[in-house]
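In listed order, ligands and their atoms are each counted from 1.
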Amino acid sequence: MKLPIVDHPTAAKPFVTNEDRSHWHDDALWFVRVKRDRQASSVPEWEYLRERASAIKTHTIANLGEYLEQFERNATARGATVHWAADAEEHNAIVLKILRQHGTERIVKSKSMLTEECGLNPYLEDNGIEVVDTDLGERIVQLREETPSHIVLPAIHIKKEEVGQTFHTHLGTDAGASDPQYLTEAARNHLRNKFLSGEVGITGVNFGIAQTGGFVVCTNEGNADLGVSLPKVHIACMGIEKMIPSLADLSVFTRLLARSATGQPVTTYTSHFHGPKDDNSELHIVLVDNGRTRLRGNDTFRPAMHCIRCGACMNTCPVYRRSGGHSYRATVPGPIGSVLSPSRDAKSYKSLPYACSLCGSCSDVCPVKIPLHHQLLAWRGELVGNGLLPLSKRVAMKTASFLFQRPGLYRTAGSMGRTALRVLPHFVTHNRFNTWTKARELPKPPRESFRQWYIANRGNPQRRDSANGNATAHTNTRSNGDAS
Ligand code: SF4
């Protein structure tokens, strides 16, 4: 399927230029990041756990075929039916076939980014099946006909007043109500009826365990458990990278996942599924590739398969926090999404590796130690190598390279640039061709270059002493002296 070209700066513009929403979103995610930090620092062996998780994932991905076959054998021995899907189309067709076999008209589904990736909801709805997302955040975005903007907090971009409006329209709550307790209770009543009438329960999978043939689903609302407890048929959709070798390995990941995701010591429900519930029930596990084998074959980007979808890299990313998840136009946004999406289609997602300041904060928080910012930098190299860099960037880089090799010319250009910025009209720098100024003002240009400032203030010890004796002058000069 041909995907549209995503231009991140353009896609981010409505969110970034809405200062109120952008700052509120930034603060909300930073709050989660701080909670994560508190939890991480409360575990003395945190770094050891990250090392272990990374090593387990490296080993599992290296031996993935073996572990998948072991998983299939053990799951089948427990009475589950294992299906293999090469891509999204095959995944959707398998799920539909199972639903048709049971004459299903309505399914209840807990949160699964894989089914988002495969476009399962619209596919089933096109085939006459009602899909009810049962995770509260997912239900909110479903009612609003939106997609999740975050892999753990799907409705993080929506304010409680907007949720109240949505519920008033769809669930009949009081107009203007925005009390979270009231709205949550309304959602609970609404979903309870849906649970009772769901004919098949669909869940994602957080971890598949080769040793036992079982799998684990982590939720905070218990909706996965309720969704599969009542129907006779449970379909679990699982990306092949979710495999881990043993139960002992699971303990490493469960200690990392919730702490990294939401700053909780553990997810409220960590549910284990081993075969169908009883003799009258069915458990189907759909193992999905959809480009994962191709990613596994790439030495540089293979570590991206270690991702346990905790969302910590999004919560910490200054670009994601300010531009919102929808600006990535991808199922998985943020730093990991900017690594994964171009591997799916480099041309369509070529702008995403540039939606990054290379600050490295994502790599610092990643519980499985994916070197995210290095991978984003590597993607930029790939894009340049494949001729996918836009002409404007290519010209800018060539010009910079030319100037950096000629110090005299560089100094002259810097001086001219500082003067030009002071005298030229605003529209010369702030226009639709300059994505850098779409949502920000340039700092006031200094009169001197950093080099000139340094020679004046640091190059001569006598001048330095006199500069140190005048703290105010020193500070003022420094704050203006970083332009070139
Ligand atoms: S890349 Fe790391 S931090 Fe980001 S979602 Fe995946 S596991 Fe979490």
H234 and F215 aromatic ring geometry - parallel, tilted or perpendicular at 30°/60° bounds: perpendicular

Sorted by chain and residue number, the ring pair (Phe, Tyr, Trp, His ring centres under 6.0 Å) partners of H430 (sequence neighbours excluded) come out as H426

Aromatic plane relationship, H25 with F15 - under 30° parallel, 30 to 60° tilted, over 60° perpendicular: perpendicular

Salt bridge flag under 4.0 Å for residues K159 and D20: yes

Are E185 and R188 close enough for a salt bridge, meaning some N to O gap below 4.0 Å? no

Protein N, O or S atoms less than 2.8 Å from atom 8 (Fe) of ligand 1, ignoring waters? C310 SG

Proximal ligand 1 atoms for L372, defined as those under 4.0 Å from one of its heavy atoms: 1 (S)

Lys/Arg cation over aromatic F71: K242, 6.0 Å, 45° cone: no

